[in-house]
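One structure is given here, and the rest of the page talks about it.
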There are 2 protein chains.
Amino acid sequence: MKRAKKKVFTDFMTQRGLKSTKQRDLILDAFLSSDRHLSIEELYLKIRAKHPNIGYATVYRTLKLFAEAGIAREMQFGDGQTRYEHVGEGEHHDHLVCTRCGSIEEFENETIEQLQTEVAASRGFLIERHRLELYGLCGNCRK
Amino acid sequence: MKRAKKKVFTDFMTQRGLKSTKQRDLILDAFLSSDRHLSIEELYLKIRAKHPNIGYATVYRTLKLFAEAGIAREMQFGDGQTRYEHVGEGEHHDHLVCTRCGSIEEFENETIEQLQTEVAASRGFLIERHRLELYGLCGNCRK
DNA sequence: CTCCAGTTGAAAGTGGATGTCATAATAACG
DNA sequence: CGTTATTATGACATCCACTTTCAACTGGAG
């Protein structure tokens, strides 16, 4: 899976005539081996710990590249920071965001997706993408 | 309906010991008589057209007040601006956002809400609020 | 090895939101 | 009605999370 995404990214780079660099390899590794939903800042600090001479702008630009390459997706959960999540082949999921501890779980529900399509169709609306987030208390925080 | 919201707001102001001012009245009128989902900037410009000596900060602060009073709600649709929508008594709805013309329609679907609750329950998650947005092309823009 | 297009990191720039503060306006009181 | 204690306003400054700029620095094709 990591391998697969690395391949997707190198192919993307080749196809666009972009270069492979130490920094990009580092950032890709850090991204793939991280929890999902890290912000630029978080990933930057994480990498920075081991490689103090990497710039914020590079992390920023590289994450954008990941998004273009289709291995990452930008998300906003209302905390004022853009977060990047991993994207698998055509996979989609929605989120449960804990308002206390900030943890983010994922879920999928085919029936909901189906209903969304119906609602849209009844308005003549063509869905390109959607976002569904449930905010509240996660199991841990309810105790 | 406008009357009702005005009352809610004046009650809120009284209860909090806040003053009634020309500016607040103006902004409230403009807000209530506007399309839904205006950004601060949009409402500011709209008011500014008739009343050139009103400040952006006043609009900003007043909208925050509306939100606290419960007659408005802050929303983010990913265009980098905070938008304020009208809120009725305990009412809730989701959004269809056109990625071409930017128009925003609303819809409600009880079944989807129900399914959300079930998904959350199965994870031990307690929903406080949610957001569901469908992005795509509206009827007009598909033509 | 050379050379050039692509990269990097530091620093400056942006845009929207938010804070500051002297001045102005409200509303309660005398 | 004036006075006065607050509260509100508006111009401006600041913050913050990106986003762009640019001179110095590679990667890799030839």
Side-chain angles (χ1 to χ4, degrees), chain A residues 9-31 37-69 72-84 102, chain B residues 9-31 37-69 72-84 102:
Chain A
F9 188 56
T10 18
D11 288 353
F12 170 80
M13 301 257 279
T14 306
Q15 184 221 328
R16 291 259 292 245
L18 303 178
K19 291 175 182 171
S20 137
T21 67
K22 309 183 207 50
Q23 289 92 334
R24 285 177 177 166
D25 289 348
L26 263 171
I27 297 170
L28 182 53
D29 276 335
F31 175 67
H37 312 111
L38 287 194
S39 66
I40 303 172
E41 181 81 13
E42 287 166 351
L43 191 57
Y44 168 65
L45 291 176
K46 179 174 167 174
I47 296 172
R48 185 98 196 199
K50 299 255 181 183
H51 308 272
N53 46 349
I54 203 158
Y56 176 95
T58 303
V59 177
Y60 161 78
R61 285 184 294 231
T62 306
L63 282 172
K64 289 272 183 202
L65 275 186
F66 293 170
E68 285 186 63
R73 183 186 294 125
E74 298 188 354
M75 305 281 329
Q76 301 275 161
F77 294 105
D79 64 347
Q81 296 201 227
T82 300
R83 292 173 181 284
Y84 286 81
Chain B
F9 188 58
T10 19
D11 288 353
F12 169 81
M13 302 255 280
T14 306
Q15 183 220 331
R16 290 259 292 245
L18 302 177
K19 290 174 181 170
S20 137
T21 69
K22 309 182 206 51
Q23 289 91 333
R24 285 176 177 165
D25 290 347
L26 264 172
I27 297 170
L28 182 54
D29 276 335
F31 176 66
H37 312 111
L38 287 193
S39 66
I40 303 171
E41 181 80 13
E42 286 166 350
L43 191 58
Y44 168 64
L45 290 177
K46 179 174 169 174
I47 295 171
R48 185 98 195 198
K50 298 255 180 183
H51 308 273
N53 45 349
I54 204 159
Y56 175 95
T58 302
V59 177
Y60 162 77
R61 287 181 295 231
T62 306
L63 282 172
K64 289 271 183 206
L65 275 186
F66 293 170
E68 285 185 63
R73 182 187 293 125
E74 298 187 354
M75 305 281 329
Q76 302 274 163
F77 293 105
D79 64 346
Q81 296 202 221
T82 300
R83 292 173 180 284
Y84 286 81

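Because the structure is a prediction, the values reported are computed rather than measured. The sequence lines fix the lettering, A, B, ..., with proteins before strands; numbering per chain opens at 1.
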| request: Determine the contact category for A:Gln81: base if any of its heavy atoms lies under 4.0 Å from a base atom, sugar-phosphate if only primed atoms, P, OP1 or OP2 are that close, otherwise nothing. | output: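 The residue A:Gln81 makes sugar-phosphate contact but no base contact.
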| task | Using a 4.0 Å heavy-atom cut-off across all strands, classify A:Ser39 as base, sugar-phosphate, or nothing. | result |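 The answer is nothing, as A:Ser39 stays clear of every strand by at least 4.0 Å.
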Please list, pair by pair, any protein nitrogen or oxygen found under 3.5 Å from a nitrogen or oxygen in nucleotides 19-24 of chain C.
{"unit_1": "C:dT20", "atom_1": "O4", "unit_2": "B:Arg61", "atom_2": "NH1", "d": "3.4"}

Taking all non-hydrogen atoms of both residues, which atom of [X] and which atom of [Y] are closest, and how far apart?
X	Y	result
B:Ile40	B:Tyr60	CD1-CD1, 3.7 Å
A:Ile27	A:Leu43	CG2-CD2, 4.3 Å
B:Tyr44	B:Ile54	CE1-O, 3.5 Å

What is the separation between atom [atom1] on [X] and atom [atom2] on [N], rounded to the nearest whole Å?
X	N	atom1	atom2	result
B:Arg83	C:dG16	CZ	P	11 Å
B:Leu63	C:dT18	CG	P	11 Å
A:Arg48	C:dG9	CZ	P	9 Å
A:Tyr56	C:dA12	OH	P	17 Å

What is the distance from atom [atom1] of [X] to atom [atom2] of [Y], rounded to the nearest 0.5 Å?
X	Y	atom1	atom2	result
A:Gln23	A:Thr62	CD	OG1	8.0 Å
B:Ser39	B:Leu63	OG	CG	9.5 Å
A:Phe12	A:Leu65	CZ	CG	5.5 Å
B:Leu18	B:Glu68	CG	CD	8.5 Å

| said: Taking the ring centre of each residue, are A:Tyr84 and A:Phe66 less than 6.0 Å apart? | reply: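 No, too far apart.
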| Can you give the first and last nucleotides of DNA chain D, 5' to 3', that have an atom under 4.0 Å from a heavy atom of chain B? |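 In short, chain B contacts DNA chain D from D:dT6 to D:dA11.
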| field | Sorted by number, the residues of residues 14-28 of chain A with heavy-atom contact under 4.0 Å to DNA chain C | value |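 Contacts with DNA chain C under 4.0 Å: A:Gly17, A:Leu18, A:Lys19, A:Thr21, A:Gln23, A:Arg24.
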| query | Does A:His51 reach the side chain of A:Leu26, with side-chain heavy atoms less than 4.5 Å apart? | reply |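 When only atoms from C-beta onward are counted, A:Leu26 and A:His51 do touch, with a gap below 4.5 Å.
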| query | Given B:Arg83, which of B:Glu42, B:Gln76, B:Glu74, B:His37 fulfils the side-chain hydrogen bond (donor to acceptor under 3.5 Å, both in side chains) condition? | reply |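 Passing option: B:Glu42.
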| message | Check whether A:Arg16 reaches the backbone of A:Ala69 with its side chain - one donor and one acceptor, N or O, closer than 3.5 Å. | response |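 A pair under 3.5 Å: no.
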